[in-house]
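Accompanying notes for the structure given below.
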Amino acid sequence: MHQVRKVTEDIVWVGANEHRLALFENIHPLTTGVSYNSYLLLDEKTVLFDTVDWAVCRQYLENVDYVLNGRELDYLVINHLEPDHAASMDEIILRYPKVKIISTEKAFMMMSQFGFDVVDRFIEVKEGDTYNFGKHTVAFVEAPMVHWPEAMVTLDVTDGVLFSADAFGSFIALDGVLFADEVDFDRDYLDEARRYLTNIVGKYGPQVQHLIGKAAPLLPQVKFIAPLHGPVWRKNFDYIIGKYDKWSKYEPEVDGVLVIYASMYGNTESVAVSLASKLREKGIKDVKVRDVSNTHVSWLVSETFKYSHVVLASVTYNLGMYPLIHNYLQDLKALNVQNRTFAVIENGTWAPQAGDKIREFLDNELKQMTVLSDEVTINSSMSETTGAVELDRLADSIVESFKQ
Ligand code: FEO
């Protein structure tokens, strides 16, 4: 059965929702699914904007067929060639053999690498080119590294629809929702939007900034932002662009503390939670505690982008930091995360080393991180007489750092 929604009178969402995939890019857990968005323009010519992942191709073809209602497909615009959006291209060509493919030179090169035979049907476009399909004219804007080098975004000038590729996308299956203003986005979708952007495109903050800058003069014409994942925006552009602006500048969204602990037998956990209590007692309103062993690193990365402060509490393991803390820090490095304030707690029964190793990593491997000089060392466990004073001092030091 078809599942489609109108964006405008002439443009229809024909994408599909994914609920079965456990891991996006085979690495990031999908607990609430994901949508692969594709849009079909019905004009004198018919134009499809991107396709979907192969896994949802059957539903997608049904949607496209329903909206075309017997018409030929004339054009397929590929804004982003990553297979979660382009894998169904072969199937589209098979069913609509007259279709022409419009995309960038780099996308064309990648198409051959992926085995798509489009030589006789390819129309190359570049920054600033326009194309007319009848009533509708579109303009192409290159968006390299958002999130692959071939990426572009396309503005339908006639209806004011910005097909924004991966930009402004979000995890979460749509399941009937089309517009962000149909849901409580801030409450129900924001965390997954952040987790999507920070983990998938987080490394390319400067390129996202570049795209935001290029899109700024176009914004007066834009009435809809239509990404390749998640809901379409037709209101509150300042809200979602503001979030993307902060994330891509590596600026925290909130003044608050993320406490990430690695605990083997519960003693480090106890100290981490005790610190959280003290911070709240001292007036810090937003404190989140996460166990590194049962929280996937994609959430830890996302929350690191959100919070201004991070406390790392780690047991010593093989005379170093706990492997999962190391893995988290490696991800921060890969994603270029910067401008956060860190505090460190270490635990060790005979040779506590985790603190030094964490500090070394923060100082040498990451950019523009502030590491508070107060550090707490736990020898196996903490009590009122062993370490509680130092923990209080650390809490004070964190509170004080908010005032600077
Ligand atoms: Fe959703 Fe970069 O692909």
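In listed order, ligands and their atoms are each counted from 1. Remember, predicted model here, so these are calculated numbers, not experimental data. If you read the sequence from its start, that first residue is 1, and numbering goes on from there.
At least one N, O or S atom of His229 sits under 2.8 Å from atom 1 (Fe) of ligand 1. Coordination check, His80 versus atom 1 (Fe) of ligand 1: failed, since every N/O/S atom of the residue sits at 2.8 Å or beyond. Taking 2.8 Å as the threshold, Asp84 does not count as a candidate ligand of atom 2 (Fe) of ligand 1, since none of its N, O or S atoms lies below it.
Seen from atom 2 (Fe) of ligand 1, atom ND1 on His147 and atom OE1 on Glu82 lie at an angle near 90° (rounded to 10 degrees).
Rounding to the nearest 0.5 Å places CG of Asn327 at 11.0 Å from CE of Met321.
Among the heteroatoms counted here (N, O or S) of His85, NE2 is the one nearest to atom 1 (Fe) of ligand 1. Sorting the N, O or S atoms of Asp166 by how far they are from atom 1 (Fe) of ligand 1 puts OD1 first.
Every side chain to side chain contact (heavy atoms under 4.5 Å, CB included) that Asn79 has, sequence neighbours left out, goes to Phe49, Asp50, Val77, Met152, Thr154, Phe163, Ala165.
Side-chain polar atoms of Gln209 and Ser248 form a donor-acceptor pair below 3.5 angstrom.
Looking at Lys357, its side chain never comes within 3.5 Å of a backbone N or O of His326 through a donor-acceptor pair.
Below 30°, between 30° and 60°, or above 60°: for Phe185 and Trp233 the angle between ring planes is above 60°, a perpendicular geometry.
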